[in-house]
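Notes follow the structure.
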Number of protein chains: 2
Amino acid sequence: MIDKKENTEEKIIDAARSVFIKKGMDGARMQEIADEAGINKALLHYYFRSKEKLFDAILGKIIKVAFPKISGIMVSDADFKTKLVQAIDAYLDILFKHPYLPAFVLKEVSRDPNVFIKIIVKRGLNPKLVFKIIEDAMDRGEIVKMKPQHLVINIIGLCVFPFAARPIIEFVAFDEDKKATDQFFKERKAVIKEFVLRSIEVK
Amino acid sequence: MIDKKENTEEKIIDAARSVFIKKGMDGARMQEIADEAGINKALLHYYFRSKEKLFDAILGKIIKVAFPKISGIMVSDADFKTKLVQAIDAYLDILFKHPYLPAFVLKEVSRDPNVFIKIIVKRGLNPKLVFKIIEDAMDRGEIVKMKPQHLVINIIGLCVFPFAARPIIEFVAFDEDKKATDQFFKERKAVIKEFVLRSIEVK
DNA sequence: GTCTATATTAGGATAGAC
DNA sequence: GTCTATCCTAATATAGAC
């Protein structure tokens, strides 16, 4: 049975997420959030005492999605390259489902890194295990040697950057052709996987 | 002879650039810009009638740096891979000199893509020639085939993303060790060049 | 819980003296 | 050109009725 009438708090959270993602903390207006939620500003403040509190509440939820615990895939005992491909697939699936995440996260992290750090700590996100797994694969000679952080950042950059830069890409690289840009993004999964695999292959 | 007393307009521009880069258009305050320039708000408005006009003036200068005409390197008649390496070097040199560019550009482009588009058009930045050069190299079998946009975006992502994400990287990947993060960034040039060359090599 | 009305403050912009 | 003082609107936040 569908909950036709979602409660007010949910409506606020949905509206706030939408507006904060579009405008960022500084650009967002409480009025706009209230409008999008179909309520008024006073009620907004009744549920969340201040804009900052509301933003923090939303941010926590967003970060959970934006910093997925990909380590689950990496710790399985499959072949390393297989796991890597699975991780890239999983990460891009998230990005396609939430294409505005990268721009939002990069925007807000430069505004105030500490908010992120606090939440990341609370989530117990720790990449050391992943780095260790990568180093082990290198030691076994399965992939070429480099500082594991470089490999991780390379992969994340390849995945994330195009989403953050989509407006420029659409204009500069595809003459504002949205269809062509969509097609480009559809191809990213295969492109990135091949690009990465080729670059780490031991010759 | 040194111009000890730089004129007011310069002071304003320097201050505005600094504040806009740190806070973005939405987060910046005219008061803060005035303070940093050592003048008052009224004088700010005397030189630039509005915040938006001031921002546009700064943005134009920033974009000139952020979107360099790398095509100059690419059109020379050197070997394609040589040119590619030169282009990556040149681009990273710019980023090291202006490490806050990526975060700023990605932030503002998501706020209002049109401002960028206007300025890019005015600068006559057109990547078609670069795409053509890449495709020719592919046709000659010098590098592996793919849509040239993918190669360009991959390279830019590898270069730009770490700068935009530096606060997260420093915390998550290096336990807030600034020295280790600096070292990581120093290594990027060599890492990216090798990463890209390996991935486009024809086997 | 939800609303209308209002307080309060912040921030962009202008007037006018010098 | 530069300042002080002030205006004006937008935006966050609260009071109080229902």
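To find a chain, count down the sequence lines: A is the first, B the second, and so on, and within it residues start at 1.
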Review point. In whole Å, what is the span from the CD1 atom of A:I12 to the C1' atom of C:dT2?
Key: 11 Å

Exercise for review: Would you classify A:Y46 as touching base, sugar-phosphate or nothing, given that sugar-phosphate means primed atoms plus P, OP1 and OP2, and contacts are heavy atoms under 4.0 Å?
Suggested key: base

Review point. Between B:T8 and B:K41, who's closer to the 5' end of DNA chain D by nearest nucleotide?
Key: B:T8

Study note, to complete from the structure: Taken to the nearest whole Å, CG/B:L54 to P/C:dG11 is 16 Å

Point to revise | OP1 or OP2 of D:dT12 under 4.0 Å from side-chain N/O of A:S50 | key: no

Check your understanding: Between B:F163 and B:F185, is the ring centre distance below 6.0 Å?
Key -> yes

Check your understanding: Rounding to a whole Å, what distance do you find between A:M30:CE and C:dA7:P?
Key -> 20 Å

Practice item. Round to the nearest Å and state the distance from A:R49 atom CZ to D:dA15 atom C1'. Key: 16 Å

Review point. How about B:F174 and B:F184: are their ring centres within less than 6.0 Å of each other?
Key: yes

Check your understanding: How many Å lie between CG on B:L43 and P on C:dA13, as a whole number?
Key -> 15 Å

Check your understanding: Can you find a side chain N or O atom of B:R29 that sits less than 4.0 Å from OP1 or OP2 on C:dA10?
Key -> no

Check your understanding: Does B:F131 CZ have over 12 foreign heavy atoms under 6.0 Å away?
Key -> yes

Exercise for review: Take the protein atom NZ of A:K53 and the nucleotide atom P of D:dT12, then report the distance between them rounded to whole Å.
Suggested key: 15 Å

Check your understanding: A:H45 has an atom NE2; how far is it from atom P of C:dT6, in whole Å?
Key -> 18 Å

Study note, to complete from the structure: A:K23 atom NZ is separated from D:dT12 atom P, nearest whole Å, by 11 Å

Practice item. Indicate the ring-plane relationship of B:F20 and B:F55, choosing parallel, tilted or perpendicular according to the 30° and 60° boundaries. Key: perpendicular

Check your understanding: Considering only side-chain heavy atoms of A:K51, which listed nucleotide, D:dT2, D:dA15, D:dA13, is closest?
Key -> D:dA13

Review point. Are A:N40 and C:dT4 close enough that a side-chain N or O sits under 4.0 Å from OP1 or OP2?
Key: yes

Review point. Is B:A34 touching bases, backbone alone, or none of the nucleic acid, heavy atoms closer than 4.0 Å?
Key: nothing

Exercise for review: Give, for atom CG of A:L106 and atom CD1 of B:I168, the distance between the pair rounded to the nearest 0.5 Å.
Suggested key: 6.0 Å

